[in-house]
Number of protein chains: 2
Amino acid sequence: MENIFEKLSAEQKEELERQFSIYAGGVEEIIPSIELKQKLARSILTDKPLKIKLGLDPSAPDVHIGHTVVLNKLKQFQENGHIIQLIIGDFTGKIGDPTGKTAARKQLTDEEVKHNAMTYFEQFGKVLDMSKVELHYNSKWLKELKLEDIIHLAASITVARLLERNDFSNRLAEGKPISLHEFFYPLMQGYDSVMLESDVELGGTDQHFNVLMGRHLQDHFGKEKQVVILLPLLEGLDGVEKMSKSKHNYIGIDEKPHEMYGKTMSIPDDLMIKYFELVTDLTVEEKETVKQDLLNGTLHPRDAKMLLAKTIVAMYHGNEAAAEAEKHFTSVFQNGGMPDEIPVVVVDFDGEVLVIDLLVELELLRSKGEARKMILNGGVKIDGEKIKDIHQNLIVVEGMVIQVGKRKFVKLLRKEG
Amino acid sequence: MENIFEKLSAEQKEELERQFSIYAGGVEEIIPSIELKQKLARSILTDKPLKIKLGLDPSAPDVHIGHTVVLNKLKQFQENGHIIQLIIGDFTGKIGDPTGKTAARKQLTDEEVKHNAMTYFEQFGKVLDMSKVELHYNSKWLKELKLEDIIHLAASITVARLLERNDFSNRLAEGKPISLHEFFYPLMQGYDSVMLESDVELGGTDQHFNVLMGRHLQDHFGKEKQVVILLPLLEGLDGVEKMSKSKHNYIGIDEKPHEMYGKTMSIPDDLMIKYFELVTDLTVEEKETVKQDLLNGTLHPRDAKMLLAKTIVAMYHGNEAAAEAEKHFTSVFQNGGMPDEIPVVVVDFDGEVLVIDLLVELELLRSKGEARKMILNGGVKIDGEKIKDIHQNLIVVEGMVIQVGKRKFVKLLRKEG
């Protein structure tokens with residue numbers, strides 16, 4: 001396959017380089033690059049699309065823009081005519097955790113799996129053309145595997161290799177138990193690639209070991225090995241932890257325009273470039289311009305972040321909604337002079353809470369009396385809306401911004417529960 | 001179950017102690033003794049026999065007296081009315097070695113498995129009453145297991161526990177590969193105990209880990225745990241290695257009387273007591289008498305070994321054949337004055353070889369001329385039979401004794417192939 005490039009016309013070579021540079025943009029690693037080029041060359045020569053695989057955990061269907069890092073990469077492949085294979089990992093979902101130790105991995109019913117898959121489907125539709133996407137449930141082949149098949153599968157991999165996986169080696173070293181069945185999950189994920197003959201598998205850098213297993217098993221079963229593309233993990237609103245629902249530091253892709261806009265405005269400045277790179281659909285050139293303008297000071301960070309927020313809202317709600325969210329944001333915060341970075345407070349309120357109690361609890365005001373006075377003076381705003389009633393209750397919402405007076409702002413995140 | 005003993009009558013208590021002392025004779029370990037007593041107590045009270053399990057590897061059906069250590073133990077249980085469960089491990093036999101690394105574990109056909117099982121059956125018939133033995137093929141349940149079942153099975157055991165097994169931990173430490181599927185074998189063996197609800201499993205001390213797995217898995221599946229009885233391993237004719245066919249240091253239980261007798265006479269003196277203990281059907285008292293007489297010098301080691309040889313031959317060929325083998329042995333070796341221990345030479349001849357070539361090769365004589373002369377003078381005996389023809393060919397047989405002149409003896413063992 002090495003000299004396949006010689007068969008390409010000048011035009012085809014150009015097309016190969018064009019596609020490759022798109023796919024290589026913003027990724028952490030391509031394993032190995034040369035094979036991706038070879039596969040692309042063959043695809044261009046034979047006019048046969050590549051099969052691009054993404055595995056999904058059916059237990060957590062809430063999609064946030066952290067997920068869109070990989071979705072945007074899929075979209076690039078789709079826009080060039082390649083086939084997207086989404087695999088719902090329903091087999092493991094239906095088993096649950098056989099040790100019963102983690103409540104998190106509870107056993108899902110067929111209905112729940114279907115429902116969650118449909119939720120993915122709807123939300124992914126905001127990025128991908130779902131009419132062209134293949135949807136697979138891996139229980140289809142995994143539930144049919146018998147002991148003999150599994151022994152053949154297991155024979156291809158050594159215990160030492162499995163123990164190389166970071167979390168396994170750490171747990172073994174620390175004397176924490178690893179149940180034998182946990183060794184199966186990477187194998188099952190890899191076997192999906194065998195069954196679907198995937199050409200490329202995408203995953204976050206934390207999936208390094210698992211996606212390489214697909215490559216290994218395809219080889220073991222005499223199939224062409226998939227290329228692995230590892231994508232960076234996106235930090236959430238706190239700027240520290242990987243964006244995730246359980247960390248309450250996420251921007252959901254079906255959130256309302258002004259929530260989405262406001263949350264984006266709250267990310268730390270030093271993450272802006274990464275967000276531009278990974279979760280916007282700006283062209284390579286546009287991204288480069290933003291980056292340069294920020295570096296040489298011709299673009300104010302505040303304006304860059306507003307461009308980011310507007311771009312993200314436009315991707316999921318259209319240009320009109322994006323313009324409106326921007327207008328809402330500036331009208332609300334223009335007079336108040338919202339600072340570039342708002343301090344974040346993590347809270348764990350459940351249900352409704354009196355605004356005056358909240359203000360005291362958060363130490364924004366020293367007493368309920370002061371809180372009442374400030375409300376009556378029109379000095380308390382929540383998400384830019386003036387609070388008028390001293391008896392008002394509210395439900396604490398992720399990313400909610402409370403303003404007291406002209407200069408005191410605080411953004412609320414919910415405590416991981 | 002603790003106070004089940006209180007329900008026993010004095011007579012029943014006596015019966016319990018009688019059986020227990022028989023089963024405990026000559027074993028390495030009972031895990032745990034108290035549970036064996038409890039099971040026996042219940043069996044006596046309810047008149048329900050215990051189920052005694054032995055797993056067999058279908059790839060090596062040649063039974064030698066090393067195997068009879070465990071067979072004799074089974075026989076003791078059978079004589080007291082308990083049920084023997086023989087499991088032919090045909091599932092793994094039919095899979096072979098999926099890594100293809102060891103030629104030894106080649107894939108067996110259904111016919112081969114059946115044939116080998118029948119070979120066991122015939123040979124075991126020399127020790128056990130096979131009409132009362134249950135024969136099981138573990139492929140019956142193992143081949144039906146699906147991935148979901150296997151994951152539940154695997155979830156019950158930790159990787160650390162599997163790595164405790166001596167050969168696994170050594171191999172991991174030495175950087176030698178352990179294929180993941182090797183972790184399955186103890187699980188499968190243990191699962192057999194779950195399916196058959198065995199009360200007791202027998203095994204050699206080298207099976208320690210595997211037989212305990214049955215106990216663990218029965219517990220995991222909510223069944224009563226089996227008791228494990230570990231038996232010592234019997235060293236072969238060389239007095240060093242475990243008796244095995246591949247080491248060519250064995251006495252087959254279907255060997256001819258005078259071969260069996262001669263091979264037994266060739267074991268090192270210091271193994272005699274162990275052989276009496278483990279592979280003869282003498283009573284506990286008879287064994288003790290031999291031991292004491294040897295210790296206080298009233299029994300000559302040569303005579304003790306002849307008693308051992310005669311006893312073993314009688315077990316497999318009857319008293320008459322045993323008496324004849326003894327007569328043959330003494331008539332052949334009496335004049336020659338066979339030494340107590342004959343030097344052993346390991347050879348690797350295949351096919352036929354000229355006696356004169358063999359004599360020179362083994363450095364028993366310095367030249368073919370000398371060898372010819374010695375044969376013509378009637379000075380060469382093989383297994384006590386005088387060689388008369390200088391052109392005689394022979395096939396080297398395990399344990400064959402060559403005598404040159406009056407005092408030169410050598411015993412041949414075949415090189416491990």
Side-chain angles (χ1 to χ4, degrees), chain A residues 90-102 105 107 138-165 167-169 171-188 190-191 213 216-217 220, chain B residues 90-102 105 107 138-165 167-169 171-188 190-191 213 216-217 220:
Chain A
D90 67 328
F91 183 76
T92 43
K94 279 192 219 160
I95 288 178
D97 179 5
T99 65
K101 275 180 197 147
T102 61
R105 180 164 260 156
Q107 205 167 338
N138 70 0
S139 63
K140 187 177 168 190
W141 47 84
L142 291 180
K143 76 176 179 195
E144 297 305 327
L145 283 185
K146 290 195 166 183
L147 181 52
E148 179 165 356
D149 309 310
I150 294 154
I151 283 177
H152 280 277
L153 204 60
S156 80
I157 184 89
T158 65
V159 171
R161 170 114 186 237
L162 285 159
L163 287 175
E164 277 167 19
R165 209 176 84 169
D167 59 331
F168 285 155
S169 53
R171 281 161 64 194
L172 197 71
E174 290 166 16
K176 289 182 188 160
I178 305 165
S179 280
L180 178 56
H181 78 285
E182 297 181 63
F183 274 8
F184 286 64
Y185 294 126
L187 287 176
M188 291 189 279
Y191 191 67
M213 187 60 78
H216 169 78
L217 287 182
H220 177 68
Chain B
D90 67 327
F91 183 76
T92 44
K94 280 192 220 161
I95 288 179
D97 179 6
T99 65
K101 274 179 198 148
T102 61
R105 180 164 261 157
Q107 205 167 338
N138 70 1
S139 64
K140 186 176 169 190
W141 47 84
L142 291 180
K143 76 176 180 195
E144 297 305 328
L145 283 185
K146 291 195 165 183
L147 182 52
E148 180 165 356
D149 309 309
I150 295 154
I151 283 177
H152 279 277
L153 205 58
S156 80
I157 184 91
T158 66
V159 172
R161 170 114 187 238
L162 285 160
L163 286 174
E164 278 167 17
R165 209 177 84 168
D167 59 331
F168 284 155
S169 52
R171 281 160 65 194
L172 196 71
E174 289 166 16
K176 289 181 188 162
I178 305 164
S179 279
L180 178 56
H181 79 284
E182 298 182 61
F183 274 9
F184 286 63
Y185 294 127
L187 287 177
M188 291 189 279
Y191 191 67
M213 187 60 79
H216 170 77
L217 288 182
H220 177 69

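Hydrogens, waters and symmetry mates play no part in the numbers below; they use all other heavy atoms, side chains included. Within every chain, numbering begins at 1; the chains are lettered A, B, ... in the order of the sequence lines, protein sequences first and strands thereafter. Since the model is a prediction, treat every value here as computed from it, not as a measurement.
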Check side chain to side chain contact (heavy atoms under 4.5 Å, CB included) between Lys146(B) and all other residues, then give those that pass, not counting sequence neighbours.
Glu144(A), Lys146(A), Asp149(B)
What are the two closest non-hydrogen atoms of Ser179(A) and Ala155(B), and how far apart are they?
OG-O, 3.3 Å
Please classify the contact of Leu145(A) with chain B as side chain, backbone, both or neither, using a heavy-atom distance under 4.5 Å.
both
Do Leu142(B) and Ile151(A) touch side chain to side chain, with heavy atoms closer than 4.5 Å?
no
Of all heavy-atom pairs linking Pro177(A) and Thr158(B), the shortest is CB-CG2, 3.9 Å
Top of Ile150(B), Leu153(B), Leu163(B) for chain A proximity - count of heavy-atom pairs under 4.5 angstrom
Ile150(B)
Contacting region of Leu187(A) [heavy-atom separation from chain B under 4.5 Å]
side chain
Ring centres under 6.0 Å, that's the criterion: do Phe184(B) and Phe183(A) meet it?
no
Is there side-chain contact between Leu147(B) and Tyr191(A), with at least one heavy-atom pair below 4.5 Å?
no
Once side chain to side chain contact (heavy atoms under 4.5 Å, CB included) is applied, do any residues pair with Lys176(A), and if so which ones, sequence neighbours excluded?
Arg171(A), Glu174(A)
Within the structure provided, determine whether Phe168(A) and Val159(B) are in side-chain contact (heavy-atom separation under 4.5 Å).
no
